[in-house]
Amino acid sequence: MVEASSADAALPDPADIRQEVDTGYRKVGFLLDDDEECAIIADAQIQDFLIVGASQGFLQLTGFTRDAVLGQNCRMMLEGVPEVAISKSARKNLRDFCRMCKVKRLDHISEVASVQPNSRRDGSQFVNFFLVGLVQVCNGRYLLGVQKPLGEGLFASLNGRKMEEVSELARTTFKRIRARLRDLEPDPGRDALFQPQGFTFFSERLQDHCLLMNNCRTAMRREPQELATNCLVFGNMPARRGANGLFFAVRIEDAVTTFDGLPIMGFTRRKPTDTSDLYPTVCRCLGASVLVGACGEAFARDQLHHFRIGFKPPPQTEVASWSVQPDVPPHKRRAPVGVVPGDVFGCLYTNEGRLQLWRNGELAMDFDVQRPIEEGVDYYAVVDVCLAAYTVSLLPDSDPKQGLPSASQLQPTAAAAPQETQPGDIDEIISAVVSQTIVKKAIMGAVQSCKFCVSVADPRGIDFPLIAVSEAFETMTGFKRSEILGANCRFLNQGCPISPSDLVGLRLASESGGALTALLPNRKKSGQMFINLLDLRGLTIAVDVETDEELWYLIGIQADITGLSRRNVPEEGSLCAVDQSTDK
């Protein structure tokens with residue numbers, strides 16, 4: 001079920017690992033003991049994602065004893081399976097899934113499913129459908145895997161309908177066990193003092209490569225440098241209609257250069273529900289929707305059900321389409337504007353039936369889709385985090401001409417109004433703010449006296465703002481503290497050829513606090529390009545004794561290594577970046 005990355009190759013002391021496994025079993029794993037369905041639980045906090053719980057159904061299927069299973073990685077079930085029968089793509093997908101499960105601000109991540117031959121204890125083999133999902137409970141993160149045997153041997157032939165049936169059965173079992181695990185939570189409602197303002201992203205069922213963060217206000221696409229789609233998200237409540245129609249906006253948190261094109265935004269009359277037909281095969285085929293974006297295009301479908309697309313483009317009677325380049329073949333069209341981190345994109349659907357896409361307060365596209373907003377009908381926001389955009393965040397109150405937060409269309413309905421703050425809550429807020437202010441002042445004082453180049457960012461702030469930099473940082477970059485404190489450190493990346501893999505690594509390190517060492521092409525304030533040897537990682541300075549929540553900050557140590565010879569550059573560094581910078 002679970003794969004370890006290469007960084008997990010060296011395990012700690014076996015006695016410590018055994019103790020962690022026993023603790024995981026006592027906390028959550030025991031719940032599976034008498035379950036007749038085939039399921040296991042792995043602890044995402046233990047190196048190599050070791051199993052801490054196994055159901056009676058799993059033991060009966062595989063022939064292993066519980067003692068033999070606990071403390072193992074699910075690779076044990078691949079022993080004896082011929083290498084040619086093991087899906088490399090499935091294992092890669094699992095590794096990426098496991099890596100993303102460690103993101104600190106993660107709220108939800110789409111389950112991963114695969115079909116893979118496995119071995120029993122007696123050496124016999126069977127084809128196994130398994131579904132793996134994340135469960136956050138008891139201040140811990142656990143991977144719950146559900147198995148459904150499909151037949152004996154190494155191969156099984158299944159049609160699409162049968163696969164869907166098996167997948168839904170596995171998902172039903174997953175949801176039932178997840179509910180039991182969540183019942184262990186002593187106070188599941190203390191995660192936040194306030195309800196988010198306006199709608200957030202629907203989280204009950206996510207598309208294949210989607211994950212949600214920041215109280216479901218941020219959506220990220222997994223493997224963005226390899227997959228252009230599979231991260232379609234919906235608003236969890238109807239968008240409120242304003243004087244001009246319906247409007248919402250998102251901020252681009254991160255983008256890749258692997259793909260060219262805009263996120264697709266729009267509205268649908270379909271209420272999002274946890275059903276197998278929630279997502280269409282292709283975004284533009286979404287039922288009862290109007291959409292704009294991609295490569296300068298707009299789409300509309302009137303029928304409530306999704307259009308099942310084949311090899312040919314859908315007819316206009318099924319999916320109407322418009323383009324800013326109507327005479328250019330679809331595969332050669334290009335978006336009229338670019339996508340860079342920090343951009344704000346807004347979608348305005350006017351009462352008269354015009355669909356507009358705004359970028360940073362300027363109108364980028366405007367189509368008459370000839371479908372006025374229907375009176376008395378609920379519309380839900382739609383965002384396909386596709387192509388160049390791979391992380392977006394909702395802006396709860398937005399205005400199309402400004403593209404910045406302001407009082408406007410998307411206010412929460414009465415049913416979803418924020419709960420009244422109680423006096424005890426106010427005391428907690430004041431205490432937290434005062435404590436963090438004291439900590440930040442202490443950090444600023446300590447960092448300013450550092451003799452080396454260091455920066456500190458706050459992972460709890462919007463877009464990871466810098467809160468302190470050393471004098472050496474100012475000297476190296478040419479920027480003064482007054483110019484950069486409160487900003488994201490990406491101002492050093494402007495106009496620099498950073499690889500998509502480095503962008504993903506930076507995002508993961510920022511979200512999870514995990515260590516990252518990379519060679520990045522950066523620019524000084526003067527415009528001069530240089531190679532920055534960056535070591536980035538989270539530093540925990542305190543732990544909340546009541547919630548076990550870590551108070552941590554993002555520490556960056558930098559060094560200008562421009563001009564070093566190749567033999568002095570680490571092997572994992574980007575040599576091409578060195579070449580590009582020295583040519584400037």
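- Not a single donor-acceptor pair under 3.5 Å links the side chain of H108 to the backbone N or O of L211.
- The residues E168 and R161 are annotated as not salt-bridged, no charged nitrogen and carboxylate oxygen being separated by less than 4.0 angstrom.
- Under the 3.5 Å distance criterion, the side-chain polar atoms of R460 are matched with a main-chain donor or acceptor of W552.
- Between L106 and L134 the shortest side-chain heavy-atom distance falls below 4.5 Å.
- Panel note: side chain D254, backbone T391; no donor-acceptor pair is recorded below 3.5 Å.
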Assess the residue pair M220 and E253 against the criterion (side-chain contact (heavy atoms from CB on, under 4.5 Å)); give the C-alpha distance rounded to whole Å, side-chain angles, the decisive distance to 0.1 Å, and a yes or no.
CA-CA 9 Å; M220 177 189 286; E253 305 291 1; over 6 Å; no
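- Using modelled atom types and a 3.5 Å distance limit, the side chains of D43 and Y25 yield no donor-acceptor pair.
- Residues F234 and Y279 bring their aromatic ring centres within 6.0 Å.
- Between I264 and L262 the shortest side-chain heavy-atom distance does not fall below 4.5 Å.
- To the nearest 0.5 angstrom, R205 atom CZ is 4.5 Å from D274 atom CG.
- R141 and K102 get closest at one heavy-atom pair: NH1-C, 3.5 Å.
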For F299 and V290: C-alpha separation, side-chain torsions, deciding distance, then whether side-chain contact (heavy atoms from CB on, under 4.5 Å) applies.
CA-CA 6 Å; F299 311 97; V290 289; over 6 Å; no
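- Nearest heavy atoms, M163 versus V115: CE-CG2, 3.7 Å.
- Between E204 and T273, every side-chain heavy-atom pair lies at or beyond the 4.5 Å cut-off.
- N214 meets the side-chain hydrogen bond (donor to acceptor under 3.5 Å, both in side chains) test with R105, T218; sequence neighbours excluded.
- Scanning all heavy atoms of the two residues, the minimum distance from R537 to T517 falls at NH2-OG1, 4.4 Å.
- Put simply, the side chain of I46 reaches to within 4.5 Å of the side chain of V21, judged on heavy atoms.
- The backbone N or O of G80 sits less than 3.5 Å from a side-chain atom of Q125, completing a donor-acceptor pair.
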For a side-chain contact (heavy atoms from CB on, under 4.5 Å) check, start with the C-alpha distance between L59 and R66, then their side-chain angles and the critical distance, and finish with the verdict.
CA-CA 7 Å; L59 302 180; R66 183 168 286 109; 3.6 Å; yes
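- The side-chain heavy atoms of R284 and S289, taken from C-beta on, include no pair separated by under 4.5 Å.
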Run the numbers on E164 and R171 for salt bridge (charged side-chain N to carboxylate O under 4.0 Å, His left out), then give the verdict.
CA-CA 10 Å; E164 183 176 323; R171 182 171 169 78; over 6 Å; no
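- The shortest heavy-atom contact between L395 and R217 is C-NH2, 4.3 Å.
- Counted within 6.0 Å of CG on D122, heavy atoms from surrounding residues, nucleotides or ligands total more than 12; the atom is thus considered enclosed.
- For Q19, the CD atom counts as loosely surrounded, since its 6.0 Å shell holds 12 or fewer non-hydrogen atoms of other residues, nucleotides or ligands.
- With a 4.5 Å cut-off on side-chain heavy atoms, I41 and S55 do not count as touching.
- The one candidate from Q147, R176, Q56, K148 that meets the side-chain hydrogen bond (donor to acceptor under 3.5 Å, both in side chains) condition with E37 is K148.
- Within the 4.5 Å cutoff, the side chain of Y142 has heavy atoms near those of the Q45 side chain.
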Tell me, with the steps shown, if V112 and R222 meet side-chain contact (heavy atoms from CB on, under 4.5 Å).
CA-CA 12 Å; V112 172; R222 285 200 301 113; 3.7 Å; yes
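- Using a cutoff of 4.0 Å between basic side-chain nitrogens and carboxylate oxygens, R99 and E223 are not scored as salt-bridged.
- Considering every non-hydrogen atom in both M213 and D107, the closest pair reads C-OD2, 3.0 Å.
- For the 3.5 Å distance criterion, the side chains of D208 and S110 fail to qualify, holding no donor opposite an acceptor.
- Nearest heavy atoms, C231 versus Q207: N-OE1, 3.2 Å.
- Residues forming a ring pair (Phe, Tyr, Trp, His ring centres under 6.0 Å) with F345 (at least two apart in sequence, or on another chain): none.
- Taking the centre of each ring, F248 and F267 come in below the 6.0 Å mark.
- Because its NZ or CZ atom is not both nearer than 6.0 Å to the ring centre of Y379 and within 45° of the ring axis, R270 does not count as a cation-pi partner of that residue.
- We find that R120 and E152 are joined by a salt bridge, their nearest charged nitrogen and carboxylate oxygen being less than 4.0 Å apart.
- Under 3.5 Å, the side chains of D67 and T65 contain no donor-acceptor pair of N or O atoms.
- Atom CZ of R18 has more than 12 heavy atoms from other residues, nucleotides or ligands within 6.0 Å.
- Checking side-chain atoms of R301 against main-chain N and O of H305 turns up a donor-acceptor pair under 3.5 Å.
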